[in-house]
There are 2 protein chains.
Amino acid sequence: MSDLFPKKGHDHDRCVHSALAQAEKVCDAENARFTDMRRKVFTLIWQSHKAVTAYELLDALTAEGQRVQPPTVYRALEFLTELGLVHRIESLNAYFGCDRPDCEHLGQYFICTDCGRVAEAVNEEMSNAVRKAAIGVGFTIQATTVEIKGLCHDCATH
Amino acid sequence: MSDLFPKKGHDHDRCVHSALAQAEKVCDAENARFTDMRRKVFTLIWQSHKAVTAYELLDALTAEGQRVQPPTVYRALEFLTELGLVHRIESLNAYFGCDRPDCEHLGQYFICTDCGRVAEAVNEEMSNAVRKAAIGVGFTIQATTVEIKGLCHDCATH
DNA sequence: CAGAAAATGATATATTATAACACTTCATCA
DNA sequence: TGATGAAGTGTTATAATATATCATTTTCTG
C-alpha cells in the first residue's frame with residue numbers, strides 16, 4: 001500500500017519549504033507576483049494537512065497580528081487557485097495545497113471524514129475514463145472535480 | 001454519440017411524472033414519507049434541466065403562494081438527498097434530480113458552463129478506477145463526488 | 001382517543017463570498 | 001528619475017448559502 005497520507009516522521013517543514021520554492025518558480029514562469037499576502041496564505045494552507053477555509057485563514061492571519069478582511073483572503077485564494085498552486089475542495093468550501101502545480105493533471109482528493117486530512121492523488125486510469133466518457137457524449141471538458149470521502153487507513157484501523 | 005443531454009422533442013412532463021412515481025416507490029420501500037413539501041421540492045428540481053439552488057426553490061415555492069423559510073427547503077433537500085432521489089452538486093451549491101435512485105451508483109455530473117444544463121452519467125470504468133485507487137491507498141470510500149464542467153455538444157457546436 | 005414521533009413553522013444567526021470604491025505599491029518608460 | 005498606469009491591498013457594506021433552536025402541527029401507533 002502506498003503512503004498516500006503523510007506518515008509519522010515525515011519532515012513537514014521541509015515540504016512547506018519546497019512547496020514555497022516551487023510556487024516561486026511557477027509565479028516567475030507566469031510573470032505573476034508572489035506577494036507577501038499570497039505567500040502567507042499559501043504557507044498557511046501548506047502548513048495544514050487538512051483543507052483550510054477562507055475564514056480559518058482570516059483568523060490565522062489576524063492571530064499573526066494582521067488586520068485582514070475577507071476580500072483580501074479571497075483574492076489571494078483566487079490567485080493561488082488560478083495558478084494551480086492550491087485547489088479548492090468544493091465539498092468542503094476549503095482549500096488545499098497542490099503537489100504538482102507545474103503540470104496539468106486531473107487530481108483526485110481523498111478526504112478523511114474522521115481525521116480531516118486530505119491527500120491528492122493522480123490516477124491516469126480514472127482521468128482517462130473521464131476523458132473517454134466526455135468524448136463519448138460530445139462534452140468538452142474545462143474542469144473536473146473528483147472528491148472522495150471516507151476513512152484513511154489510519155482512521156479505519158485504529 | 002449518445003444523447004447525454006435531453007434532445008429536442010423529448011417529453012419532459014413525462015420524465016417528471018415517472019420520476020415522481022419512482023420516488024414514491026423508493027419512499028415506500030424505505031418507509032419514508034413523501035410529504036407534500038418534499039414532493040413539491042422534488043418536482044421543482046425535476047422540472048429543471050439545470051441544478052437548482054435552495055434559494056431558487058424557496059423563491060419558486062413562495063411564488064406558488066406558500067410562505068416558506070430556508071430550513072423547510074433544506075430539510076426537504078436533506079431528506080431527498082439521503083434517499084438518493086436528488087444529488088447535491090457541490091461545485092454549484094445546487095441540487096439535481098437523480099435518474100437511478102433505486103440502485104447504488106457513483107454518478108458523474110456533466111455541467112455545461114454555457115447553458116447550465118446538467119446530465120448525470122454512470123461510468124463503470126471510472127467507478128472502478130476510483131475504487132481501485134482507494135484500495136491501493138487503504139482508503140475506505142463513503143461518498144464520491146465527480147463533477148465535470150465544460151461545454152455540452154450543443155453549446156460547443158452552435 | 002392518548003401519547004409519541006415525525007414533520008413543519010418561525011425566528012434568529014452562522015458561514016461563505018463578493019461588490020464597490022479608496023488607497024498604496026510597483027513596474028516601466030519617456 | 002519621477003510621472004503614469006496597472007496591479008495589489010484596504011475598507012465598508014452586503015449578498016448568498018446554511019443551520020440551530022424552539023414552538024406548533026401532523027401523522028402514526030397502541
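Letters A, B, ... are given to chains in the order of the sequence lines, protein chains preceding strands, and every chain is numbered from 1.
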T72(A) side-chain N/O to dT9(D) phosphate OP1/OP2 under 4.0 Å: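 Indeed not, no polar side-chain atom of T72(A) lies that close.
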Check: E90(A)/T145(B) side-chain N/O donor and acceptor closer than 3.5 Å: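 T145(B) and E90(A) do not have a side-chain donor-acceptor pair below 3.5 Å.
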Rounded distance [0.5 Å steps], OG in S127(B) versus CD in Q108(B):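 CD of Q108(B) is found 7.0 Å from OG of S127(B).
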Distance, rounded to the nearest Å, where Q69(A) contributes CD and dA22(C) contributes C1': 14 Å
Among dC28(D), dA17(C), dG10(D), the one nearest Y95(A) by side-chain distance: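 In terms of side-chain proximity for Y95(A), the closest of dC28(D), dA17(C), dG10(D) is dA17(C).
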Length of the CG-P vector between L77(A) and dA17(C), whole Å: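 Going from L77(A) (CG) to dA17(C) (P), I get 9 Å.
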Under 4.0 angstrom between Y74(B) side-chain N/O and dA18(D) OP1 or OP2: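 Checking Y74(B) against dA18(D): at least one side-chain N or O falls below 4.0 Å of OP1 or OP2.
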Exam field: side chain T81(A) to backbone E78(A), donor-acceptor pair closer than 3.5 Å: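 Side chain of T81(A) to backbone of E78(A), a donor-acceptor pair under 3.5 Å: yes, one is there.
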Between CG on residue D114(B) and CG on residue D154(B), distance to nearest 0.5 Å: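 Spacing of CG (D114(B)) from CG (D154(B)) equals 10.0 Å.
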Side-chain N or O of T35(B) closer than 4.0 Å to phosphate OP1/OP2 of dA6(C): no
Distance test, side-chain N/O of N93(A) to OP1/OP2 of dT15(C), below 4.0 Å: no
Value in whole Å for how far the P atom of dT8(C) lies from CG of L80(B):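 Answer to the nearest Å: 10 Å.
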Residue-phosphate contact under 4.0 Å: R88(A) side-chain N/O, dA17(C) OP1/OP2: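 It does, given that an N or O in the side chain of R88(A) lies less than 4.0 Å from OP1 or OP2 of dA17(C).
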Plane angle bin for H49(B) and H12(B) - parallel if under 30°, tilted between 30 and 60°, otherwise perpendicular: tilted
Q66(B) CD to dT8(C) C1', straight-line distance once rounded to whole Å: 11 Å
Interatomic distance where CZ belongs to R67(B) and P belongs to dT8(C) [whole Å]: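 Value for this atom pair: 18 Å.
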Atom-to-atom span, CD of E90(A) to C1' of dT15(C) - whole angstrom: 16 Å
Presence of donor-acceptor pair under 3.5 Å, side chain of Y55(B) and base of dA18(D): yes
Sugar-phosphate, base or nothing in reach of R38(A), heavy atoms under 4.0 Å: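 Sugar-phosphate: the residue R38(A), judged by heavy atoms under 4.0 Å, touches backbone atoms but no base.
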Rounded interatomic separation in angstrom, taking CG from L58(B) and P from dT8(C):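 The distance from CG of L58(B) to P of dT8(C) comes to 15 Å, rounded to the nearest Å.
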Interatomic distance, R39(B) CZ vs dT8(C) P [rounded to whole Å]: 12 Å
Comparing F79(B) and P71(B) on DNA chain C - which has the more 5′ nearest nucleotide: F79(B)
Which residue lies more 5' along DNA chain D, comparing R75(B) with N31(B) via nearest heavy atoms: R75(B)
